Amino acid sequence: MKNKLRSQMKAETPMYLVIFPEGTRYNPDIPKVIADSQAFSMKEGLPVLKHVLTPRIKATHVAIETMQDYLDAVYDVTVAYENTTTQTGQRKEAPSMTEFLCKECPRIHINVERIDIKDIPKEQSFMRRWLHERFEVKDRLLTEFYEATEPENLNKFPGEGHVAKLSLKKTVPPLFILAGVTAGMLCTETGRKVYMNTWIYGTLIGCLWVSIKA
């Protein structure tokens, strides 16, 4: 991992590095994963988290330690979904793309906090504590979002929000272009062959390229 990060730094690649320290998705339908995560917190003497899983430090520490002179900040991103609780207040699994597009989840709420790289502890044990504290903040945000006793605070993050709208002029033209090109190819025998060969061989070449670059 360090070698791959250093190669990106050497190439001066402008990039965002996304890390999920909890390692897997929080899913209320798989209670064993949540229970194991909470048991790990108790074993390590850390506060038990309810709405997020216990973060693990290794990947985060390796990335920040390796790239501390290349990065200027870490962005702590917390995501919550409206209408994803039962009538009894229990959380449900995060919506799929289909469920989101069908408006079973009308809005996604995203809380972002910028943390300057110099404010993050360098030593692994201190960074581990810092990371868990960040997840404690996430847990409080999500607890308020999903369990607020005041109706006006339910399904909201604290503070002033900004609505991000995706205009039709940014989405409809690409849709028609893609649909037109695809339909045009599928209407002829030659087009269908090109389409299938591109799909099959393009996938194989892409996998081979990723393997070589890795």
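These numbers come from the heavy atoms of this one structure, side chains and all, not from hydrogens, waters or symmetry mates. Position 1 is the first residue of the sequence; numbering continues from there. Bear in mind the structure is a predicted one, so any value in this text is a computation, not a measurement.
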Side-chain heavy-atom pair Arg91, Pro28 within 4.5 angstrom cut-off: yes
Side chain proximity check, Asn197 to Val194, heavy atoms < 4.5 angstrom: no
Distance in Å, Tyr195 OH paired with Ile200 CD1, rounded so as to fall on 0.5 Å steps: 11.0 Å
Flag, side chain of Asp119 to backbone of Ile115, donor-acceptor distance under 3.5 Å: no
Closest heavy-atom pair and its distance - Leu142, Ala80: CD2-CB, 3.8 Å
Short side-chain to backbone donor-acceptor contact, His132 and Pro47, under 3.5 Å: yes
Joint hydrophobic cluster, Trp130 plus Leu46, side-chain heavy atoms closer than 4.5 Å: no
Rounded distance [0.5 Å steps], CD1 in Ile120 versus CG in Leu131: 9.5 Å
NZ (Lys193) with more than 12 external heavy atoms under 6.0 Å: no
Close side-chain approach of Lys118 and Gln68, heavy atoms under 4.5 Å: no
Under 3.5 Å donor-acceptor, Gln38 side chain and Leu49 backbone: yes
Stepwise side chain to side chain contact (heavy atoms under 4.5 Å, CB included) check, Met127 with Ile57: CA-CA 8 Å; Met127 188 185 292; Ile57 187 59; 3.7 Å; yes
Shortest non-hydrogen contact from Arg6 toward Thr66: CG-CG2, 3.9 Å
Backbone of Ala179 reached by a side-chain donor or acceptor of Thr182 within 3.5 Å: no
Between CE on residue Met9 and CE on residue Met15, distance to nearest 0.5 Å: 8.0 Å
Donor-acceptor pairs under 3.5 angstrom involving side-chain atoms of residues 145-156: please list them, not counting sequence neighbours.
unit_1: Tyr146; atom_1: OH; unit_2: Tyr81; atom_2: N; d: 3.2
unit_1: Glu147; atom_1: OE1; unit_2: Lys50; atom_2: NZ; d: 3.3
unit_1: Glu147; atom_1: OE2; unit_2: Lys50; atom_2: NZ; d: 2.7
unit_1: Glu147; atom_1: OE2; unit_2: His51; atom_2: NE2; d: 2.7
unit_1: Lys156; atom_1: NZ; unit_2: Glu152; atom_2: O; d: 3.2

same_hphob_cluster(Leu141, Ile108) at 4.5 Å side-chain heavy-atom cutoff: yes
Residue pair Gln124 / Glu65, side-chain heavy-atom distance below 4.5 Å: no
For Glu44 against Arg128, the heavy-atom pair lying closest together: OE1-NH2, 2.8 Å
Arg192 side chain to Leu186 backbone, donor-acceptor under 3.5 Å: yes
Transitive ILVMFWY side-chain link Trp199 to Tyr201, under 4.5 Å: yes
Chi angles and distances behind the side-chain hydrogen bond (donor to acceptor under 3.5 Å, both in side chains) call for Thr188, Thr190: CA-CA 5 Å; Thr188 64; Thr190 302; 5.3 Å; no
Val52 reachable from Phe40 in the ILVMFWY side-chain graph, under 4.5 Å edges: no
Neighbour count >12 (heavy atoms, 6.0 Å) for atom CG, Leu168: no
NE2-OG distance between His61 and Ser125, expressed to the nearest 0.5 angstrom: 8.5 Å
Residue pair Phe100 / Cys105: nearest heavy atoms and the distance that separates them: CD1-O, 3.2 Å
Other residues, nucleotides, ligands: >12 heavy atoms within 6.0 Å of Tyr70 OH: yes
Over 12 foreign heavy atoms within 6.0 Å of CZ, Phe126: no
Thr86 side chain vs Gln90 backbone, donor-acceptor pair below 3.5 Å: yes
For Thr54 against Ser37, the heavy-atom pair lying closest together: N-OG, 2.6 Å
Met1 atom CE: more than 12 heavy-atom contacts under 6.0 Å: yes
Glu123 bridged to Arg129 by N-O distance under 4.0 Å: no
Side chain to side chain contact (heavy atoms under 4.5 Å, CB included) evaluation trace for Val112 with Ile110: CA-CA 6 Å; Val112 182; Ile110 304 173; 3.8 Å; yes
Pro55 and Thr60, any side-chain heavy atoms less than 4.5 Å apart: no
His109 side chain near Glu82 side chain, heavy-atom distance below 4.5 Å: yes
Over-ring placement of Lys138 relative to Phe135, 6.0 Å and 45° cut-offs: yes
Same apolar cluster: Ile19 and Val137, side chain cutoff 4.5 Å: yes
4.5 Å side-chain heavy-atom contact, Val77 and Val79: yes
Main-chain N/O of Leu5 paired to Gln8 side chain as donor or acceptor, under 3.5 Å: no
Salt bridge (Lys or Arg N to Asp or Glu O under 4.0 Å) pairs, two or more places apart, involving residues 10-33: Lys32-Asp36
Contact summary for Asn27 and Ile34, nearest pair of heavy atoms: O-CD1, 3.7 Å
